[in-house]
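What follows is a short report on a single structure.
Every chain is numbered from 1 and lettered A, B, ... according to where its sequence line falls, protein lines coming before strand lines. Basis for what follows: all heavy atoms, side chains included, without hydrogens, waters or symmetry-related copies.
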Amino acid sequence: MSTVVTRIPPSPTGRFHIGTARTALFNYLFARHHGGSVVFRSEDTDRARSKKEYEDEIIAGLTWLGISWDSFSRQSENTDRYHELLEKLVAEGKAYVSSEPAKDDQTKTVEVVRLKNPGASITFTDLIRGDITFDTTELGDFVIARSMTDALYHFAAVVDDMDAKISHVIRGEDGLSNTPRQILIQEALGAPRPAYAHLPLILDDKRAKLSKRSGTATSVMDYRDEGFLPEAIVNYLALLGWNPGDDREEFSLEQLVEEFSLEHVQKSGASWNRDKLLSVNQHWMRRLSDEDFIKHLDSATADTRCQNAFQTPGVQQSRVHKAVPLLKDRAQTFAEAREMLSGELLCLFEKPSLDLAKLVAKEPTERPGMTKTALESLSEALKSLPDDVSAESAKEALMSLADAEEAKGKGGRGGTLWPLRYALSGQERSPDPFTLISILGREEAVSRVEKAIAILEG
RNA sequence: GGCCCUAUCGUCUAACGGUUAGGACAGCGCCCUUUCACGGCGUAAAUCAGGGUUCGAUUCCCUGUAGGGUCACCA
């Protein structure tokens, strides 16, 4: 069995695209699964469009995802080799220099290099789709280099694959139609033919190839910045076009290396589904320890949205810590978690401003006097609790009061629970009052309830 | 348009000739909770169409249809 060598050949002409990530992931998984190696190759032959910053982003993004490689090269640094082989092909009569009008400026003449196309029918085996046959006559003598010293993509890619002894070319389905062209170059060069596997494309909601104009974010870094975890991206991407053969859906990168097989790769394109990604991300967020969860939140406090939660060390931070289970319940991304800390959960860090009408008007049957009485007994009961009371014991201690009110026919538990929760949160929607008390502490809770009582009196 | 690829719930997918066509996300309903969220339970939802082959087709073949990809001196 020959050694497996795959390639990750991004073109640094744009941001780190989801499709690039998925293809890279599958190449990585296949190679690692078979104990082979991975070659990273920056395909920067188009010097006008290639940018170092894009290359940097792609490398940073792949690293963030946990995808690694064993060797690194740039096509722009391999031009001597292309020149050498171009000369060889021309000398052998397998390619020729052609003088023709420039594409962009018909008044100028340029000398491009064309491959002499034997014009045969080519059949190759795709590991995912089976045998595929193309008639190459329609390709004609296609251009393989702008000049003897300026190779074009197809030529450079074939030379590099040959020199790197690539065993498997795993790429997107959009490369399928290019395969016969590359095989023609291989045959002219006398290079061995690697195995091919063309992955189904990632589609947008209109079922067209996912692109920047699709309306969805296509840069992996945007997802990172929004607070998606690399584990979630990898897990979701792997399941987009691949399945383990059974119902399992949770996979770490290590598990994927273990399980991955091209036989379970789908043939048809898959739509990008943000909702599903969100759900996968929430899953991995919940898997984080509370400490790690806070690190993710904390690393973004430059983002002023949740500064309030972190600004005062001590009390505030201990409340952040206690709020983590709440955030794990409610947030699907860290961006959402941060928004909650400065929005619906802000009451954990700031005293709310209360509205008399909302305090008593939840049920039409309620009257201020009753609400006041209820809050007063609640306040008394609260005072007897330890300052670091748990949500469970707060509930135990206070629920009997709510039940007593209910027994008196004063609007049920809600007649008590609603004003309590509102007094603590100042919001129509919030976590339950007992959880709030456990996070705020007895002292702060009593203070807020008494403030509510004062409003009812005033 | 030529060439190529593809076709199971709305979406991601399982079922490699015989299943009540399974799971997940989203949806809906109920429960929990007089808030919100979480959670639990349940429900609806698919084999593109027509021909074959076969005792039997989601599965194999053909045709049609639909969708996608590709046709550069971009990668």
Quantified in whole Å, what is the P atom distance between nucleotide A49(B) and nucleotide C71(B)? 33 Å
Between N273(A) and S271(A), is any side-chain donor less than 3.5 angstrom from a side-chain acceptor? no
Tabulate atom names and distances for all N/O pairs under 3.5 angstrom spanning the protein and nucleotides 4-11 of chain B.
from, atom 1, to, atom 2, distance (Å)
C5(B), O2', R129(A), NH1, 2.5
C5(B), O2', E173(A), OE2, 3.2
U11(B), O2', N273(A), ND2, 3.4

NA contact type, P431(A), heavy-atom cut-off 4.0 Å: base, sugar-phosphate, or nothing? base
Would you kindly say whether D204(A) and S214(A) are connected by a side-chain donor-acceptor distance under 3.5 Å? yes
Can you tell me which nucleotide in C36(B), C74(B), A24(B) comes closest to the side chain of R49(A)? C74(B)
Closest approach to the side chain of D46(A), judged atom by atom: which nucleotide of A14(B), C74(B), U35(B) is it? C74(B)
Select base, sugar-phosphate, or nothing to describe what R47(A) touches, counting heavy atoms under 4.0 Å on all strands. nothing
Just to be sure I understand the rule, does K209(A) reach a base, reach only the sugar-phosphate, or reach nothing, if contact means heavy atoms closer than 4.0 Å? sugar-phosphate
Regarding D135(A), tell me which of base, sugar-phosphate or nothing describes its non-hydrogen contacts under 4.0 Å with the strands shown. nothing
Distance under 6.0 Å and angle within 45° of ring axis: R22(A) vs F26(A): yes
Who does U20(B) pair with, Watson-Crick or G-U, both distances under 3.5 Å? none
Nearest listed nucleotide, side chain of D275(A), among G68(B), C38(B), C25(B): C25(B)
Pairing check on G39(B): which nucleotide meets the Watson-Crick or G-U wobble criteria with it, both distances under 3.5 Å? C31(B)
Once you apply a heavy-atom cut-off of 4.0 Å, does R146(A) come out as touching a base, just sugar-phosphate, or nothing? sugar-phosphate
Could you work out which one of U33(B), G22(B), A37(B) sits closest to the side chain of D329(A)? A37(B)
Carboxylate-amine/guanidinium proximity below 4.0 Å for D432(A) and R421(A): no
Describe the nucleic acid contact of G172(A) in one word from base, sugar-phosphate, nothing, applying a heavy-atom distance below 4.0 Å. nothing
Contact class for H198(A) vs. all strands (heavy atom < 4.0 Å): base, sugar-phosphate, or nothing? nothing
Indicate whether the side chain of T179(A) and that of R171(A) have a donor and an acceptor atom separated by less than 3.5 Å. yes
Among G39(B), G69(B), A75(B), which nucleotide has an atom closest to any side-chain atom of Q75(A)? A75(B)
Separation between the C1' atoms of A45(B) and A21(B), rounded to whole Å: 13 Å
I'd like to know if the side chain of N281(A) pairs up with that of Y223(A) as donor and acceptor (distance under 3.5 Å, no hydrogens or angles considered). no
Any strand is fair game: report the nucleotide pairing with A66(B) by Watson-Crick or G-U wobble, both distances under 3.5 Å, or none. U6(B)
Reckon N178(A) touches a base, only the sugar-phosphate, or nothing at all at heavy-atom distances under 4.0 Å? base
Under 4.0 Å, heavy atoms only, any strand: does L203(A) hit a base, just the sugar-phosphate, or nothing? nothing
Can you tell me how far P in U13(B) sits from the matching atom in U8(B), rounded to whole Å? 9 Å
Categorize A145(A) for me: base, sugar-phosphate, or nothing, with a 4.0 angstrom heavy-atom threshold over every strand shown. nothing
Once you apply the 3.5 Å cut-off to both distances, tell me the Watson-Crick or G-U wobble partner of A26(B), or none. none
For V143(A), report the nucleic acid contact type (base, sugar-phosphate, nothing); a contact means any heavy atom under 4.0 Å. sugar-phosphate
Is it the case that D131(A) and T125(A) place a side-chain donor and acceptor less than 3.5 Å from each other? yes
Donor-acceptor contacts, no H, no angles, side chain residues 154-162 of chain A, under 3.5 Å, sequence neighbours left out:
from, atom 1, to, atom 2, distance (Å)
H154(A), ND1, Q182(A), NE2, 3.0
D160(A), OD1, N78(A), ND2, 2.9
D160(A), OD1, Y82(A), OH, 3.1
D160(A), OD2, Q75(A), NE2, 3.0
D160(A), OD2, Y82(A), OH, 2.6
D161(A), OD1, R7(A), NH1, 3.0
D161(A), OD1, R41(A), NH1, 2.8
D161(A), OD1, R41(A), NH2, 3.1
D161(A), OD2, R7(A), NH1, 2.7

Scan E43(A) against the nucleic acid and name what it touches under 4.0 Å (heavy atoms): base, sugar-phosphate only, or nothing. sugar-phosphate
With a 4.0 Å cut-off on heavy atoms, is T45(A) in touch with a base, just the backbone sugar-phosphate, or nothing at all? sugar-phosphate
Do we get R193(A) above F124(A)'s six-membered ring, with its NZ or CZ under 6.0 Å from the centre and within 45° of the axis? no
Inter-nucleotide C1' distance (A44(B), C5(B)), Å rounded: 34 Å
I want to check one thing: is the phosphate of A75(B), taken as OP1 and OP2, less than 4.0 Å away from some side-chain N or O of R181(A)? no
May I ask you to say what S430(A) touches in the nucleic acid, namely base, sugar-phosphate or nothing, with a heavy-atom cut-off under 4.0 Å? base
Partner lookup for U58(B), please. Criteria are Watson-Crick or G-U wobble with both distances under 3.5 angstrom; report none if nothing qualifies. none
